[in-house]
Amino acid sequence: LWITKPVPFNIGQGAAAAAAAGGCDTFPDSLLTSAKGDANSSSIAADGKYDNCLSFDGSSDNFIDMADDVMDTAFSTNEGAISFWVKVNSPSVTDRTHFAFGDTNANTYLKVSNDSELIQFSLRLAGTIQFEGRKTGGLPNNTWTNIILNQDGTEVDVYINNDNDVTWNDETDRSTWVTSAMNNFRLGCRNYNSSGNAGFFEGFIDDFLITDTALTSDQRTFLQSNPASSLAVCDGIKAYYNCNEFDGSGDLPNAATPAS
């Protein structure tokens, strides 16, 4: 169980400063610097949900190709959570993928996308839908929206601004989760089933968190008004992208990295 407290550890500002502030300074479950992403032509914008954010313009070279390490070890169990913030300025734009884990050569994926203001989420294994749902009107224009996919090992729930009042179109097996076959992780597009990169996102993404434990009700509530860097205990955090800046190599770094 993670415990939250008002003193942040400020992952993105360095673990040494975090420790001095009273927060945690180690990340026992983090994938560390290997969990980075090639930014391609995506960019950093000001006025994120928290500090800066990722900006995508919908073009075919505007996405982030995440490292294989994220898929290989972040989802080694059938439990975990993905939390992020998203904003669009053109909600009429359709088929825009926020993120996706996909199998290069098969119709296997987990993805979240929007079709105008409709938020859609789905998981397929070898072409068979395991779960699929939507939230009508879930992504209003020019408004930061939090999306959490929370798998407790028995059943996945999807929360939009901490509300799980979503419509399930298919609930064949909500116990499924990201698998090792989903070897393409993208922010801002999808890549699976020999189709290459597609569904390029137009909008902004911020504060992207991946854990190998499910989030509790208190943690989900906390994240509605605080960045993930303010969680006081770091156990379970595999990767955290505060989206404030790219590193010197033009990569999106995993900010959940302990002090050296």
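Because the structure is a prediction, the values reported are computed rather than measured.
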Would you say [X] and [Y] make side-chain contact, with heavy atoms under 4.5 Å?
X: Val88; Y: Glu202; answer: no
X: Phe101; Y: Ile82; answer: yes
X: Leu139; Y: Val86; answer: yes
X: Phe75; Y: Ile210; answer: yes

Thr211 side chain vs Ala81 backbone, donor-acceptor pair below 3.5 Å | yes
Donor-acceptor pair, side chain of Asn226 and main chain of Phe222, under 3.5 angstrom | yes
Do other residues, nucleotides or ligands put more than 12 heavy atoms under 6.0 Å from the NZ atom of Lys87?
-> yes
Qualifying residue for side chain to side chain contact (heavy atoms under 4.5 Å, CB included) with Ser83, from Asn146, Asn150, Leu149 = Asn146
Could you walk me through whether Asn52 and Asn244 pass the side chain to side chain donor-acceptor pair (under 3.5 Å) test, one step at a time?
-> CA-CA 5 Å; Asn52 297 332; Asn244 286 339; 4.9 Å; no
What salt bridge (charged side-chain N to carboxylate O under 4.0 Å, His left out) pairs are there with at least one residue in residues 150-165, not counting sequence neighbours?
-> Glu155-Arg174, Asp157-Arg174
Measure from NZ or CZ of Arg220 to the centre of the six-membered ring of Tyr159 and say whether it is under 6.0 Å with the direction within 45° of the ring axis.
-> yes
Do Leu110 and Phe208 share a hydrophobic cluster, counting only Ile, Leu, Val, Met, Phe, Trp and Tyr and linking them when any side-chain heavy atoms are less than 4.5 Å apart?
-> yes
Strictly under 6.0 Å, is that where the ring centroids of Phe131 and Trp177 end up?
-> no
